[in-house]
Chemist: 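Here it is, the structure, as structure tokens.
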Amino acid sequence: MGLGLGTLLRSTGAAFVSIFALLFVVPPLISLLPAPWHEWIGSLTLPMASNLLSGRITGNWFPPMAATLVLLGYIVVSLAAAGAALSRRDP
């Protein structure tokens, strides 16, 4: 994901700040949403998906295979956006 964001933003610092925000800033902000929303959207964040994948959290969350797909989705989206931006900027 860092490679995709670094290529998309063309800046190592911006990619680092973006990854930091996705890991440490966005999850606490999502907890401020109303009750049904913060649980569903919060389960799609990187830290929660990795905890669901490892099986540390049980209950009415995604199964581990769905958490794997969420994590792979983050990677695919970032690399696809980087590839599209790279092909447009540097033909």
Chemist: Scan residues 10-24 for pairs that pass salt bridge (charged side-chain N to carboxylate O under 4.0 Å, His left out), counting only residues two or more places apart or in two chains.
Modeler: R10-D90
Chemist: Which pairs count as side chain to side chain donor-acceptor pair (under 3.5 Å) when at least one residue sits in residues 42-52, sequence neighbours excluded?
Modeler: N51-R56
Chemist: Test your reading of the model: is there a side-chain donor-acceptor pair from R88 to the backbone of G83, 3.5 Å cut-off?
Modeler: no
Chemist: Which donor-acceptor pairs under 3.5 Å do the side chains of residues 23-42 make with protein atoms, sequence neighbours left out?
Modeler:
residue, atom, partner, partner atom, Å
S31, OG, P28, O, 2.5
H38, ND1, P34, O, 3.2
H38, ND1, A35, O, 3.1

Chemist: Looking only at heavy atoms, what is the nearest atom pair of A15 and G2, with distance?
Modeler: CB-O, 4.2 Å
Chemist: With salt bridge (charged side-chain N to carboxylate O under 4.0 Å, His left out) as the rule and sequence neighbours excluded, what pairs involving residues 12-26 come up?
Modeler: none
Chemist: Kindly write out the residues that satisfy side-chain contact (heavy atoms from CB on, under 4.5 Å) with Y74, not counting sequence neighbours, or none if the list is empty.
Modeler: M1, L46, V70
Chemist: Tell me every residue that passes side-chain contact (heavy atoms from CB on, under 4.5 Å) with S11, counting only those two or more places apart in sequence or in another chain.
Modeler: A14
Chemist: Report the distance from atom CG of L79 to atom CG of L86, rounding to the nearest 0.5 Å.
Modeler: 11.5 Å
Chemist: Would you give the length of the straight line joining atom CD1 of I19 to atom CG of L5, rounded to the nearest 0.5 angstrom?
Modeler: 5.0 Å
Chemist: Testing the basics here: between L9 and S18, what is the closest heavy-atom pair and its distance to 0.1 Å?
Modeler: CD1-OG, 3.5 Å
Chemist: Applying side-chain contact (heavy atoms from CB on, under 4.5 Å), name anything that partners P64, two or more places apart in sequence or on another chain.
Modeler: none
Chemist: Could you tell me which residues satisfy side-chain contact (heavy atoms from CB on, under 4.5 Å) with A66, sequence neighbours excluded, listed by chain and number?
Modeler: F62, P63
